[in-house]
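Here the structure comes first, spelled out in structure tokens, and everything after it is commentary.
Everything quoted here is computed from the prediction, not taken from an experiment.
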Amino acid sequence: MKARFEGPLLHGGKDFSPITYEERKAVPSACYQCVTRCPIVGYVENGKLEKISPQYNSIRTEGTLWAKAQAGVNHVYDPDRILYPLRRVGKRGEGKWKRISWDEALDEIAARLKKLRDEGTPEKFMFHYGRMKSSTSKMVKSVFLATYGTGTIGNHTAICEGSKWVAQELTWGGHYDNWDFDNTQFILNFGSNVYEAHTNHNPVAHRLTRAVVERNLRMVTFDVRLSNTAAKSWEWVPIKPGTDIAVILAMCNVIMSEDIIPIEGRNFLRFCRVTKDVNASTDEKIAALKEHLKDYTPKWAEGISGVPAQKIVEIARELAIKHPAAIISYRGAVTHAYGVETERALMMLSSITGNVDAPGGRLKAVGPHWKYPKGPKEKPKARKLGVLDGFPGQVAFPNHHVSQLTFELIRDGSYGRPEVYMWMKYQPVYSNGDCKANEEILKDESILPFTVAVSPFYDESSHLADIILP
């Protein structure tokens, strides 16, 4: 049979109906299946989304898209999606619901919120969110919640990236990092399964793959398990959980004590605060670092981490010689009791080897900026309950909150309780750890009088809401 279409295959950017052969309408957008938010193109036929493809001219993703994003069509037309607001009619958690209109749902919620504000207690409205990014974050937090006047806004940072954020804020002043795999000569990885998951997964993973495969780049991965990333590295170094900091400090010790600091590291130290004297010379800074690191020997690190001292020495020397190098870290290294200090130590290792904010090294990520409605110019000073930052003495510096403890404090009652608790892009039953306790608190109307779930699906948390907004 002769093919219907002849000629060379063209690069993507168009899509056609397999039935009518008519071209489908292309609608540019961005994926929200993860925090990467890759640019996408949705193809619509007869008013229905039929396919999701990559934005082929994207410089971030280089025209690629992972399977989860392409499967987003299934979310839109999932048979279990909630399509209308629902109001609880039985006991909370009993699973009995009534379909109501948007006006009914919004009027009831607005009446409760107005009552709290009129009584001078806007803080009794608590809003809890997970991955709320981009315009959603601006419109909800910066406009709606700020104009309303509540500061009782929970997040999920402490169970996600809090330790990494704080460490970076204490070093280069902000958070979010990335790595220049296109120009690096060596990759040292602590606890990141970057081939499978990362906050910037799609743009990062295929650039890393290209560097390792096409440029035959050496990658060494420290991980407690043989992850897919460890398996595809040149070398996998098993390590005891939570002990990465010992190995990192020992590598710093080797580089400083053996005086193998690369010239790039010496140059970068000019811009680093190492001593109390802000005018200290580079040599004085190096002396101070040697003194600070002298006890963190490879032998000491071996006893803590299980990594042989000689292996630590070999990799440290290799790191000092190969420039530039990308030093990766993530959950495996930083989501531990000493995660903040682990990330700070890694920033020190990157600094003394001249691999911070330089081509081929560890880079401070750049976030986008855009115009959005700001709401009223004059906004009230936010009031908040003391349920976001943990019990006194339990957390030293909850600068990004410790919202996984929120339910414990709400149940305790000493720090105030919200009368309206709303969550969005969050799963409070599962996300906060003690699932059974979370369920009991959400069920108890004497603790949480009114709850609202903003969710497209009927899950374990929305099951315990009073109103569900799809």
Separation between CG (Leu208) and CD1 (Ile187), nearest 0.5 Å, reads 4.5 Å
How close do Leu116 and Phe125 get, counting heavy atoms only, and between which atoms? CD1-N, 3.9 Å
Decide, yes or no, whether a salt bridge links Arg88 with Glu445 under the criterion of side-chain N to carboxylate O below 4.0 Å. yes
Do Thr61 and Ser58 have side-chain N/O donor and acceptor atoms under 3.5 Å apart? yes
Check the surroundings of atom CD1 in Ile263: do more than 12 heavy atoms from other residues, nucleotides or ligands lie under 6.0 Å from it? yes
Examine the side chains of Asn355 and Glu264 and answer whether a donor and an acceptor come within less than 3.5 Å of each other. no
Quiz question: by atom type and distance under 3.5 Å, do the side chains of Asp444 and Ser446 form a donor-acceptor pair? yes
Given the rule in the side chain to side chain contact (heavy atoms under 4.5 Å, CB included) test, do Tyr458 and Ile82 qualify, once you have shown the distances and angles that lead to the verdict? CA-CA 7 Å; Tyr458 188 68; Ile82 300 174; 4.0 Å; yes
Within this structure, what is the CD-SG distance for the pair Gln55 and Cys31, rounded to the nearest 0.5 Å? 13.0 Å
Between the side chains of Ser461 and Asp459, does any donor sit under 3.5 Å from an acceptor? no
Would you sort out whether Glu440 and Lys443 count as a salt bridge (charged side-chain N to carboxylate O under 4.0 Å, His left out), showing the intermediate values? CA-CA 5 Å; Glu440 291 171 356; Lys443 272 187 177 180; over 6 Å; no
Would you kindly say whether Tyr426 and His156 are connected by a side-chain donor-acceptor distance under 3.5 Å? no
In short, Phe407 meets Ile441 closest at the heavy-atom pair O-CD1, 3.4 Å
If you round to the nearest 0.5 Å, how far is CE of Met251 from CD of Glu314? 10.5 Å
Calculate, to the nearest 0.5 Å, the distance between atoms CZ and CD belonging to Arg344 and Glu341 respectively. 5.0 Å
Is it the case that His401 and Asp389 place a side-chain donor and acceptor less than 3.5 Å from each other? yes
Find the distance between CZ (Arg207) and CH2 (Trp179) and round it off to the nearest 0.5 Å. 13.5 Å
Decide if atom NZ of Lys299 counts as having more than 12 heavy atoms of other residues, nucleotides or ligands within a radius under 6.0 Å. no
After noting the C-alpha distance and the side-chain angles of Arg210 and Asp182, does the key distance pass the salt bridge (charged side-chain N to carboxylate O under 4.0 Å, His left out) rule? CA-CA 8 Å; Arg210 185 167 61 222; Asp182 293 340; 3.3 Å; yes
Determine whether more than 12 heavy atoms belonging to other residues, nucleotides or ligands lie under 6.0 Å from atom CZ of Phe450. yes
Thinking salt bridges, do Glu258 and Lys290 make one under a 4.0 Å N-O criterion? no
Shortest non-hydrogen contact between Tyr195 and Thr229, atoms and distance: N-OG1, 2.9 Å
Short side-chain to backbone donor-acceptor contact, Gln168 and Tyr176, under 3.5 Å: yes
Using every non-hydrogen atom in the two residues, find where His463 and Gly93 come nearest and quote the distance to one decimal. NE2-O, 2.7 Å
Are Phe127 and Trp423 close enough that their ring centers fall under 6.0 Å? no
Scanning both residues in full, the closest heavy-atom pair of Ile327 with Ser350 reads CD1-OG, 3.5 Å
Residues Gly375 and Val143: closest non-hydrogen pair is CA-CG1, 4.0 Å
Which of these, Glu318, Glu235, Glu302, sits in a salt bridge (Lys or Arg N to Asp or Glu O under 4.0 Å) with Lys311? Glu235
Rounded distance (nearest 0.5 Å) linking atom CE of Met139 with atom OH of Tyr372: 10.0 Å
What I want to check is whether the side chains of Asp466 and Tyr421 have a donor and an acceptor closer together than 3.5 Å. no
Is Lys294 close enough and on-axis enough to Tyr296, meaning under 6.0 Å and within 45°, for cation-pi? no
When you check the side-chain N and O atoms of Arg362 and Ser329, is any donor under 3.5 Å from an acceptor? yes
Assess whether side chain to side chain contact (heavy atoms under 4.5 Å, CB included) is satisfied between Lys364 and Val356, documenting all intermediate values. CA-CA 8 Å; Lys364 190 176 186 301; Val356 171; over 6 Å; no
Between the side chains of Ser233 and Thr221, is a donor N or O closer than 3.5 angstrom to an acceptor N or O? yes
Side chains of His175 and Glu343: do they bring a donor and an acceptor to under 3.5 Å? no
If you count heavy atoms of other groups shown closer than 6.0 angstrom to NZ of Lys164, is the number above 12? yes
Go through the steps for Cys160 and Arg331 under the test side chain to side chain contact (heavy atoms under 4.5 Å, CB included), then give the verdict. CA-CA 8 Å; Cys160 184; Arg331 298 219 196 302; 3.4 Å; yes
Can you confirm whether the side chains of Glu196 and Asn193 place a donor and an acceptor under 3.5 Å from each other? yes
Enclosure of Phe457 CZ (heavy-atom neighbours >12, cutoff 6.0 Å): yes
